[in-house]
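Structure first, then comments.
Counting convention: from 1, in listed order, for ligands and their atoms alike. The structure displayed is predicted, hence computed values, not measured ones.
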Amino acid sequence: MTVRISTHRAGRALARTLVCALACASLASPRAHAQDEERAPAPYTAPNNQIRFGNTALFRNLIPPAALEQQSADAYAAIIHEAERNKRLLPNDNALVKRVRDIANHEIPFALKWNDRSKNWKWEINVVRSNEIRMYCLPGGKIVVYSGLIEKLHLNDNEIGMMLGHEIAHALREHARERLGRQQAEQLTAGTMPQLFGFADVGSTPLGIGDQLLAMRYSPADETEADVIGSEIASRAGYDPRAAVTLWNKIDTATRREDNGFVWMHPYGPDRKQDLEKRMSDMMPLYAKAVGKSIDALPNYAGMGRFKKSGR
Ligand SMILES: [Zn+2]
């Protein structure tokens, strides 16, 4: 649903503000962007200086993060409530729930450096019984795993670790916030009042964001960023980064023919696969350190499960 700008004075004021923000963003010269990027420090750089992402997306500034996190929390509560009502929410003592939470809880401490706000997120991890091959982490650290992902693809712990890392990285890097900001900007340039998702009071009913979040299709750049940061987090937590390749091959094979399937939402092609493999030399030292071995002492990976860890 959209609301014509002309029907709301407050809406016009907001629209002018957003259009100005958008215009300023679009009119800045490439040189100015380059200078901004040079000035903006990368939030994190690995010791080998190769794992880094520091550019701030312009569009996400159109969406206040606190409001997005609150709306995500509401959408999450509704999803969990609905699953519970349909007797599809797996209980806390279920083995699969325990397994997924254990892996996520190992990873979360390594995630916090990528987003200052995430230190205050109320992380939640739930598993829904379903044939669907799906997992997501909503803004604010709200994770839903559909059991079909793990059971149908026979994921081992390393693969679950890579999957959780990837989804958590999307949330940490606020890719949904950027997509929604882009959507609002496009609606503005089309001459209509954007769906405000309750981010401003212009007399319109705040609209839920659950559907938008759940149908979101990420860009190849988002995917690469989520791969790199997700693998970094999972490797530091002790999960084998080589599992990212077996994981995405399985997902690709299982969902590539589905409309709006998981691999449609997270585009995966030869370039992305090659990039995953290329980054392995950055990730393996992190993983080896996490499991207390030298890289040479790590066994070959062939999808055979989690390595035995020492010191944990
Ligand atoms: Zn993705």
Would you give me the side-chain donor-acceptor pairs under 3.5 Å for residues 132-141, sequence neighbours excluded?
{"from": "Arg134", "atom 1": "NH2", "to": "Leu214", "atom 2": "O", "distance (Å)": "2.5"}
{"from": "Tyr136", "atom 1": "OH", "to": "Tyr146", "atom 2": "OH", "distance (Å)": "2.8"}

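- Within the protein, the N, O or S atoms sitting under 2.8 Å from the Zn ion (ligand 1) are His166 NE2, His170 NE2, Glu223 OE1, Glu223 OE2, His266 ND1.
- None of Glu232, Glu167, Glu225 except one satisfies the salt bridge (Lys or Arg N to Asp or Glu O under 4.0 Å) rule with Arg173; the exception is Glu225.
- Every residue two or more places apart in sequence or in another chain that forms a salt bridge (Lys or Arg N to Asp or Glu O under 4.0 Å) with Glu69 is listed here: Arg117.
- The list of salt bridge (charged side-chain N to carboxylate O under 4.0 Å, His left out) pairs with a residue in residues 253-267, not counting sequence neighbours, reads Asp252-Arg256.
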For this session: Any chance you could lay out the salt bridge (charged side-chain N to carboxylate O under 4.0 Å, His left out) test for Arg272 and Asp227, step after step, and finish with the verdict?
Result: CA-CA 9 Å; Arg272 193 173 151 212; Asp227 281 339; 2.6 Å; yes
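- Salt bridge absent: Arg242 and Glu277 never bring a charged side-chain N and a carboxylate O closer than 4.0 Å.
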